[in-house]
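Take a look at the structure below.
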Amino acid sequence: MVDLITNTYGRDIVGDFNANCFSRKKNDDSPERNLGFIVDLALKRISFSSEKSQVASGAKDRFGNNSGMTPMDVNLIKQLTGGSADPLRAREAYGKMGGRGTFHGAMRSFLCATVNDVGPIVPFDDGMATRAIVALADRTSTRELAVNPDTHFPKDPTIFPFTAREDVQLATIWLFMKVYQQVPRDELVRNIPDAVIRDSAELFVRDTTSLGSWIRANYEVYEGDVYADFGTLTRTANGKEDWKWNWTALKQAAGDGNEWFVQSENLFKFYNDAKDGCAGVSATKFGRLLSEMKLPSVDKKVEGRTLKVRLGLRRVQNV
């Protein structure tokens, strides 16, 4: 799986590191240098580790059992997953902060340790529990001729050339797109879509770049220029811009369909409900983003009431 993801998306998106970097250090007099391994990882989408070494005899795991592995540095893991609230300062062995080989900011890569044994994690507290996603495998592959089927299965020598095939990589991209968003199958291209490479900073800073895509998936958007086709610019006595709108032309442009406006309050509620109440933007910012799409917000009399509506949109008939 690691080779498949790496071959599919490339080293610009997928990183790798040594799992021993998670081990607790005896000497912590240079925290910036101890974090040097993240310099090349911090801005990648996902990073996989190598196996963790068994080097500390007599170490205990979190159940008190003997373990031959050094304990995991829980504080380090919390620091790495702290997001923008806990920016990191890291430098490679001979780097100086601010220069090449250094990093200052939030870790944006999802870190995945692929190991046969995690080793002791002390203390495994609530803070660690909210960060750690543990997926256990009941067996692993081996090149040995004598295989215990309870713990191992024969290594398949054809798996590596299989992950290098372009049709397999295209299928992988398609599966990732199906997870992140619905994309028509005939639009699948070799270029990796933004939805797939969105980094884990979205866990800490809400993403709003997909708003336009959501609008177009749920509403019809007027193809022309709303201002030019239906508006007339006038100015008040003090020189302030004042747009007058041709509601008759708007209705004629709609034909037999819904008119080219939606109620602003309902629009934001629909978006927020679609995001399970976690739109990540306020109603004010939501409105500003729509204005940037040249969809003006105006007042309209509806059954004797003055409502705020958004021009240039109408609900898709089958939604």
Side-chain angles (χ1 to χ4, degrees), residues 83-85 106 108 130 176-184 187 193-236 240-319:
S84 56
R108 302 176 70 170
T130 60
F176 272 70
M177 289 195 301
K178 292 290 288 184
V179 171
Y180 277 90
Q181 68 177 24
Q182 293 183 351
V183 176
E187 292 183 10
D194 290 341
V196 175
I197 63 174
R198 282 168 57 182
D199 57 61
S200 58
E202 67 195 22
L203 298 175
F204 313 106
V205 181
R206 288 288 184 179
D207 174 58
T208 59
T209 58
S210 61
L211 174 59
S213 298
W214 182 88
I215 288 291
R216 289 177 174 83
N218 292 278
Y219 289 86
E220 288 185 67
V221 181
Y222 184 71
E223 294 183 357
D225 187 323
V226 175
Y227 288 91
D229 294 349
F230 307 114
T232 301
L233 178 60
T234 62
R235 293 191 178 273
T236 62
K240 184 179 179 181
E241 289 188 355
D242 184 24
W243 283 88
K244 303 296 183 181
W245 301 100
N246 188 334
W247 296 102
T248 301
L250 274 163
K251 187 171 184 178
Q252 291 173 345
D256 296 331
N258 297 327
E259 293 191 53
W260 283 108
F261 68 86
V262 294
Q263 190 174 332
S264 297
E265 182 180 358
N266 293 341
L267 177 60
F268 178 72
K269 184 179 184 302
F270 183 34
Y271 179 68
N272 194 46
D273 290 347
K275 300 295 183 181
D276 296 324
C278 299
V281 296
S282 65
T284 301
K285 187 172 183 179
F286 180 84
R288 186 167 66 248
L289 292 168
L290 289 175
S291 296
E292 292 174 358
M293 297 174 64
K294 295 186 177 181
L295 302 171
S297 176
V298 304
D299 293 330
K300 177 175 173 55
K301 286 280 188 179
V302 179
E303 298 179 352
R305 294 190 304 152
T306 300
L307 299 178
K308 188 70 72 175
V309 300
R310 185 70 62 169
L311 301 185
L313 292 175
R314 61 183 181 181
R315 286 298 301 273
V316 177
Q317 294 290 333
N318 61 351
V319 174

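Computed from a prediction, not measured in an experiment: that's the story for all the values here.
Residue Glu223 qualifies as open at atom CD: its count of foreign heavy atoms under 6.0 Å is 12 or below.
In this view, Lys300 satisfies the salt bridge (charged side-chain N to carboxylate O under 4.0 Å, His left out) rule with no residue, not counting sequence neighbours. With sequence neighbours excluded, no residue forms a side chain to side chain contact (heavy atoms under 4.5 Å, CB included) with Glu303. Under the side-chain hydrogen bond (donor to acceptor under 3.5 Å, both in side chains) criterion, Thr234 pairs with no residue, sequence neighbours left out. Not counting sequence neighbours, the partners of Ser291 by the side-chain hydrogen bond (donor to acceptor under 3.5 Å, both in side chains) test are Arg310. Listed by chain and number, the residues in a side chain to side chain contact (heavy atoms under 4.5 Å, CB included) with Lys301 are Thr306 (sequence neighbours excluded). For the salt bridge (charged side-chain N to carboxylate O under 4.0 Å, His left out) test, no residue two or more places apart in sequence or in another chain qualifies with Lys294. In this view, Lys251 satisfies the salt bridge (charged side-chain N to carboxylate O under 4.0 Å, His left out) rule with no residue, not counting sequence neighbours. The side-chain hydrogen bond (donor to acceptor under 3.5 Å, both in side chains) test applied to Asp229 returns Tyr222, not counting sequence neighbours. Not counting sequence neighbours, the partners of Glu241 by the side chain to side chain contact (heavy atoms under 4.5 Å, CB included) test are Leu233, Arg235, Trp243. Residues forming a side chain to side chain contact (heavy atoms under 4.5 Å, CB included) with Asn266 (at least two apart in sequence, or on another chain): Gln263.
Salt-bridge annotation for Lys240 and Asp242: absent, with no side-chain N of the basic residue lying under 4.0 Å from a carboxylate O of the acidic one.
Checked against the 6.0 Å centroid criterion, the rings of Trp245 and Tyr227 qualify as a close aromatic pair.
Here the shortest heavy-atom pairing between Leu295 and Val221 reads CD2-CG1, 4.3 Å. When every heavy atom of Arg314 is checked against every heavy atom of Ala254, the shortest pair comes out as NH1-O, 3.0 Å. Considering all non-hydrogen atoms of both residues, Phe261 and Leu311 come closest at CB-CD2, 3.7 Å. Taking each heavy atom of Phe230 and Ala253 in turn, the nearest pair found is CZ-CB, 3.7 Å.
Counting heavy atoms from C-beta outward, Phe270 and Leu267 have side chains that stay 4.5 Å or more apart. Using a 4.5 Å cut-off on side-chain heavy atoms (C-beta onward), Leu290 and Ser297 make no contact. When side chains are defined from C-beta on, Leu313 counts as touching Ile215, because their heavy atoms get closer than 4.5 Å. Contact annotation: the side chain of Trp260 never approaches that of Val309 to less than 4.5 Å [non-hydrogen atoms, C-beta and beyond].
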